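Source: prediction; values computed, not measured. Letters go in sequence order (proteins before strands), and every chain restarts at 1.
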There are 2 protein chains.
Amino acid sequence: MAKIKESSTQQSNKRQATLECPVSYVINKIGGRWKPLIIYHLLAGPRRYNELKKAIPPITEKMLIQHLKELETDKLITREAKQVVPPVVVYSLTVSGKALMPVIQAMGKWAALESNATPVDTYGLFS
Amino acid sequence: MAKIKESSTQQSNKRQATLECPVSYVINKIGGRWKPLIIYHLLAGPRRYNELKKAIPPITEKMLIQHLKELETDKLITREAKQVVPPVVVYSLTVSGKALMPVIQAMGKWAALESNATPVDTYGLFS
DNA sequence: CCATATACATACTTTTTGGTAAGTACTTGT
DNA sequence: ACAAGTACTTACCAAAAAGTATGTATATGG
């Protein structure tokens, strides 16, 4: 999927960082371009693949499943496929995923002070 | 320094993300490979260029100043150069930089639950 | 007058991440 | 027979981030 060179300096530095530094650890899990948005939508409840796709228009299908898969292997979300045609696949946050809430809120507070932009909060999760 | 193509899809996606999503906003500021570590050391007090370099052995000088400059333009740290030879340059966190503390602590708590690794806390800032 | 110390700068390459475009399987509706 | 809907997959290419290696200025100590 994404060919990584385990032996590279970059990989070993990254590994060290995520082992020693909690911040790097977290960023490593939620740091993909679209991951925060995916998590945001799932915080509002389980979502089908297509619902996520429509909720995040600029994302490509490749990036969407790629991130979904990574989030799944990191155990932040679960994938549930119903054996029907056309397929129905529902993604939900795990307990770990939901536990990110305080982190996200702390970030939200800081960003509110520092940034002059008004973030989008479709579901009113932060109001 | 790092040639960016303002017109690229990646850049416009990134811009949108940092405008609309507080999490992306924060990650954009502290998401460099070594930035969390640099911030960690500066949380313990102002540090000279060389002190940071020694405190973070695997970092290269290129990455160190690159990140320091980015953190400076993002107003998370300040640079103070004394006009002497050999040069003395001291970096310190700004008020914004120090205000990251709650974010870092929230991340620390989450990582403590999720990760089985024991993070390094040289200065005991989290104990 | 040569090495040392400090705080960088610069050219280049590798590695990783993100984006584009096109295709697949399977079934229901027309 | 064929288009449409769903949830993907794959090959390829562009862009960004990180790393390697080397060079710079200035003054002081030996």
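- Nearest to the side chain of Lys69(A), among dT9(D), dA17(D), dA7(D), sits dT9(D).
- Positionally, the nearest nucleotide of DNA chain D for Val88(A) lies more toward the 5' end than for the other of Gln11(B) and Val88(A).
- Remark: the backbone N or O of Arg15(A) is paired with a side-chain donor or acceptor of Thr18(A) at under 3.5 angstrom.
- Considering only side-chain atoms of Asn13(A), the nucleotide from dC8(C), dG19(D), dT6(C) that sits closest is dG19(D).
- With respect to the salt-bridge test (charged N to carboxylate O, under 4.0 angstrom), the residues Glu80(A) and Arg48(A) do not qualify.
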Which nucleotides of nucleotides 20-30 of chain D have their base under 4.0 Å from a protein heavy atom (B), which only their sugar-phosphate (S), and which neither (-), written as one string 5' to 3'? B-----BS---

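- Picking from dC8(C), dA16(D), dT15(C) the nucleotide with the shortest atom distance to the side chain of Lys5(A) gives dT15(C).
- Within the structure, salt bridge (Lys or Arg N to Asp or Glu O under 4.0 Å) contacts touching residues 108-125 of chain B (residues at least two apart or in different chains) do not occur.
- Using a 4.5 Å heavy-atom cutoff, the side chains of Leu52(B) and Asn50(B) are not in contact.
- Listed nucleotides: dT16(C), dT17(C), dC8(C). Nearest to the side chain of Tyr91(B): dC8(C).
- Picking from dC8(C), dC8(D), dG18(C) the nucleotide with the shortest atom distance to the side chain of His67(A) gives dG18(C).
- Of the residues in residues 14-47 of chain A, not one places a heavy atom less than 4.0 Å from an atom of DNA chain D.
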